[in-house]
Number of protein chains: 2
Amino acid sequence: MGKEPAAPREQRHSQLLRGVLDLCLLALIAERPRFGYEIVEALGESGLELVSEGSIYPLLARMERNGLADTYRAPSPSGGAPRKYYRPTEAGLAELEAGRTAWLAFRGAVDQALSAGAPTEDTPEEGK
Amino acid sequence: MGKEPAAPREQRHSQLLRGVLDLCLLALIAERPRFGYEIVEALGESGLELVSEGSIYPLLARMERNGLADTYRAPSPSGGAPRKYYRPTEAGLAELEAGRTAWLAFRGAVDQALSAGAPTEDTPEEGK
DNA sequence: TTCATTATCTTGCGGTGCAAGACACTCCTG
DNA sequence: CAGGAGTGTCTTGCACCGCAAGATAATGAA
């Protein structure tokens, strides 16, 4: 005993983000160059409020290392540490496009799987 | 170089499944009791073809251990090892309901985040 | 100088999908 | 009766990654 997860409900969110978080980042920096802090806020506005900096900085660094994004620095206009702006490379844009497709397919598959045994089930799917 | 993952594209699928796979299983056994092999096939029909037995048996066992599902055995009608049927408990149904809600919220958030910098958009970003 | 603000980066932990393979039960054939 | 094939279940070990927590850095104001 004592090995209970204790918070299985909130943990689901963490697991859900996997495999999609990098895509979201790519989409965000594809819209326009952004820096870390800004991205956290942008994600929050999308409804992904639980994403924190500890999640995205390593991810951003990995993307840069893998050649999906490149960066440049610029001083902070409001005083403070200089900002590091991220912007997708060609490879990054390609990855984003592939990822969008994968997400759409996955989303459809999960929707269908979850519709099984749904409570609102009038869906009179023909008997096979 | 030389430490590249080699297959980042196919790996995304694995990561996407996290946090949702248990929900799919719950939905499937909520529709009617099912056994392992059957579940793999059902998932495949939904589009989740890459899910293999190595993924779901441990998951099924975990759900049983956590009181989300209970089981009973029945002989295989077509000869072979006896089947182990899974069916959700009350707690399992509650978890399924909560999970559906979480999935819907997450899905919307990701859709919105991914719509940023979409190619179909007139992206009027000026050349800086 | 010292402090507050803004922002980036690192470490260690914990959860989990999956490939690979071992094991179990039943029927069929000779 | 023995052997084989088909059908299902279960276990081990690994690799991946989000995240809490905290360290670090740069700038401007008091």
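The shown structure was predicted, so the numbers you read here are calculated from the model rather than taken from an experiment. Per chain, numbering begins at 1; letters A, B, ... match sequence-line order.
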Here's a test of your reading of the structure: between A/P75 and A/D22, which maps to the more 5' nucleotide of DNA chain D? A/D22
Can you tell me how far apart CG (A/D22) and CD (B/Q15) are? Round to the nearest 0.5 Å. 9.5 Å
Take the protein atom CZ of A/R12 and the nucleotide atom C1' of D/dC19, then report the distance between them rounded to whole Å. 18 Å
Interface with DNA chain C, restricted to residues 37-55 of chain A and to heavy atoms under 4.0 Å: A/Y37, A/E53, A/G54
Report yes if a side-chain nitrogen or oxygen of B/S76 is closer than 4.0 Å to either non-bridging phosphate oxygen (OP1 or OP2) of D/dT7; otherwise report no. no
Per A/R62 side chain, nearest of listed nucleotides D/dC10, C/dT8, D/dG18: D/dG18
Just the rounded figure in Å: distance from C1' of C/dA7 to CD1 of A/I56. 11 Å
Quick one, A/V20 and B/R12 - any side-chain contact, counting heavy atoms below 4.5 Å? no
Within this structure, what is the NZ-to-P distance between A/K84 and D/dA25, rounded to whole angstrom? 15 Å
A/L21 has a side chain; which of D/dT9, D/dG18, C/dG14 sits nearest to it? D/dG18
Report the residue (A/P58 or B/A81) whose heavy-atom-nearest nucleotide on DNA chain D is the more 5′ of the two. B/A81
Can you tell me how far P of C/dT16 sits from CE of B/M63, to the nearest Å? 12 Å
Rounded interatomic separation in angstrom, taking CZ from A/F35 and P from C/dT8: 6 Å
What is the distance, to the nearest angstrom, from the OH atom on A/Y85 to the C1' atom on C/dT6? 12 Å
Carboxylate-amine/guanidinium contact B/E38 B/R32, below 4.0 Å: yes
Between B/K84 and B/E64, is there a salt bridge with N-O shorter than 4.0 Å? yes
Send over the distance from B/L59 CG to D/dT9 P, rounded to a whole Å. 15 Å
Partner of A/F35 under ring-ring contact (aromatic ring centres under 6.0 Å, His included), picked from A/Y85, A/Y86, A/Y72, is A/Y85
Starting at the 5' end of DNA chain C, which residue's closest nucleotide do you reach first, B/Q15 or A/Y57? A/Y57
Under 3.5 Å donor-acceptor pair, B/R18 side-chain atoms to D/dC17 base atoms: no
In whole angstroms, how far is the P atom of C/dC9 from the CG atom of A/L60? 8 Å
When you look at B/R107 and A/R107, which way does the side-chain contact (heavy atoms from CB on, under 4.5 Å) test go after all the steps? CA-CA 8 Å; B/R107 194 180 71 136; A/R107 191 177 71 129; 3.6 Å; yes
Strictly below 4.0 Å, N to O, side chains only: are B/R87 and B/E31 in salt-bridge contact? no
